Novice: 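One structure, as structure tokens, below. Some questions next.
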Number of protein chains: 2
Amino acid sequence: MMSNSLYQDSHCVVDFTLARLWVDRRAVTLTRKEYDLLSALTANAGEIVPRGVLLRTVWGYGPDIRTRTLDVHIRRLRRKLGGYGEQYIETIFGVGYRFQPWREPKPFAAEPHMLRASA
Amino acid sequence: MMSNSLYQDSHCVVDFTLARLWVDRRAVTLTRKEYDLLSALTANAGEIVPRGVLLRTVWGYGPDIRTRTLDVHIRRLRRKLGGYGEQYIETIFGVGYRFQPWREPKPFAAEPHMLRASA
DNA sequence: CCACTTTTTGCAAATCTTTCACAACTTCCC
DNA sequence: GGGAAGTTGTGAAAGATTTGCAAAAAGTGG
């Protein structure tokens, strides 16, 4: 059976059966843990996935394990997502992370730092 | 399902019924195990075949057998694939191997993301 | 016995994962 | 605003695992 299940938006494709990722049509190699983590996030794209859930589903860790390995993997995933890492993987402080499907940036909007009066 | 008894791309032909291999129109002699392994890989060309699956289908080994014989055969196959060995048989670290159908190296082509207007 | 094939063995090399120390940031409260 | 406490980001290093490889040993069929 060829159920080609994948996540897809205008910059990023994750193929769960082939275990591969493309960013802007460019194949990106993921390690196993990176892929597991990305899967856990994209499978719930748009929703917050708590740290505890990630640590349990991806690492099999119990609730009382203290580690920074999740953060490190998040950082590597963000990198491999090219320039979009920060946009895709959002940090929910004190809770977890959320993979945010791509949204075209607003055509133009003044950023706060542009608004400072130049003395 | 009419199984095509032939794998074929621009450098490599595997005939499953004759149990033979040609690389660049040159016949290559394979031993039995080499051929079984190549079959298992090319039959799923483009997909990852986990080590465990190879050890089971080609060797009949159970899940708890520790051996490096698979790696040794992979190496010999790569050699017999001429200069293309590394390109054809890809190592998926911690998972298995993948026979990758031949792809012509890109001459040069602008990728979508190169085309975005800068400034 | 001989030629050939296959498996084992023991490192070396490559790769991936986790930890660590500390910087940066968020939140909360006075 | 200005700490204090807790959380996350980060680069580098250590730790653990996997794979590559060469040579030797073991198996196979003539």
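Below, read A as the first sequence line, B as the second, and so on, with proteins coming before strands; counting in each chain starts at 1. Quantities reported herein were computed from a predicted structural model and do not represent experimental measurements.
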Novice: Other than A/I48, what residues sit in its cluster of Ile, Leu, Val, Met, Phe, Trp and Tyr side chains whose heavy atoms are under 4.5 Å apart, directly or through others?
Specialist: A/I92, A/V95
Novice: Identify all pairs in which a protein N or O lies below 3.5 Å from an N or O of nucleotides 2-7 of chain D, and state each distance.
Specialist:
none

Novice: Can you pull out the residues from residues 65-82 of chain A that lie within a 4.0 Å heavy-atom distance of DNA chain D?
Specialist: A/R68, A/D71, A/R75, A/R78, A/R79
Novice: Could you state the atom-to-atom distance from CD of B/E34 to P of C/dT5 in whole Å?
Specialist: 8 Å
Novice: Would you please confirm or rule out a distance under 4.0 Å between OP1 or OP2 of D/dG9 and any side-chain N or O of A/Y97?
Specialist: yes
Novice: Any side-chain heavy atom of B/V53 sitting closer than 4.5 Å to one from B/R56?
Specialist: yes
Novice: Quick one: is A/T31 getting a side-chain N or O under 4.0 Å of the C/dT17 phosphate, OP1 or OP2?
Specialist: yes
Novice: Less than 3.5 Å apart, which donor and acceptor atoms pair up between the side chains of residues 60-68 of chain B and the rest of the protein, not counting sequence neighbours?
Specialist:
residue: B/T67; atom: OG1; partner: B/T69; partner atom: N; Å: 3.1
residue: B/R68; atom: NH2; partner: B/D71; partner atom: OD1; Å: 3.2
residue: B/R68; atom: NH2; partner: B/D71; partner atom: OD2; Å: 3.0

Novice: State, yes or no, whether a side-chain contact exists between B/S39 and B/F16 at a heavy-atom distance under 4.5 Å.
Specialist: yes
Novice: Using heavy-atom distances to pick each residue's nearest nucleotide on DNA chain D, tell me which of B/E86 and A/G96 is more 5'.
Specialist: A/G96
Novice: Using side-chain heavy atoms (C-beta onward) and a distance below 4.5 Å, is A/E86 in contact with A/R78?
Specialist: yes
Novice: So how far off straight is the helix from C/dC1-D/dG30 to C/dC30-D/dG1, going by the axes through five pairs at either end, to 10°?
Specialist: 30°
Novice: What is the distance from CG of A/L54 to P of C/dT18, rounded to the nearest Å?
Specialist: 13 Å
Novice: With a 4.0 Å cutoff (strictly under), does any side-chain N or O of B/Y35 reach OP1 or OP2 of C/dT5?
Specialist: no
Novice: Would you say the side chain of A/V58 lies within less than 4.5 Å of the side chain of A/L70, judging by non-hydrogen atoms?
Specialist: no
Novice: Relative to each other, are the rings of B/Y88 and B/F99 parallel, tilted or perpendicular (30° and 60° limits)?
Specialist: parallel
Novice: For C/dT18, take OP1 and OP2 only and decide whether either is under 4.0 Å from a side-chain N or O of A/W59.
Specialist: yes
Novice: So A/T57 and A/D36, do their side chains get closer than 4.5 Å, heavy atoms only?
Specialist: no
Novice: Less than 4.5 Å apart, side chain to side chain, heavy atoms only: is that true for A/D24 and A/Y84?
Specialist: yes
Novice: Kindly list each side-chain donor-acceptor pair under 3.5 angstrom involving residues 26-33 of chain B, sequence neighbours excluded, with atom names and distances?
Specialist:
residue: B/T31; atom: OG1; partner: B/E34; partner atom: N; Å: 3.4
residue: B/T31; atom: OG1; partner: B/E34; partner atom: OE1; Å: 3.4

Novice: Figure out the CZ/P separation between B/R98 and D/dT19, and round it to whole Å.
Specialist: 14 Å
Novice: How many Å lie between NZ on B/K33 and C1' on C/dT8, as a whole number?
Specialist: 15 Å
Novice: Under 4.0 Å between a side-chain nitrogen and a carboxylate oxygen: does that hold for A/E90 and A/R103?
Specialist: no
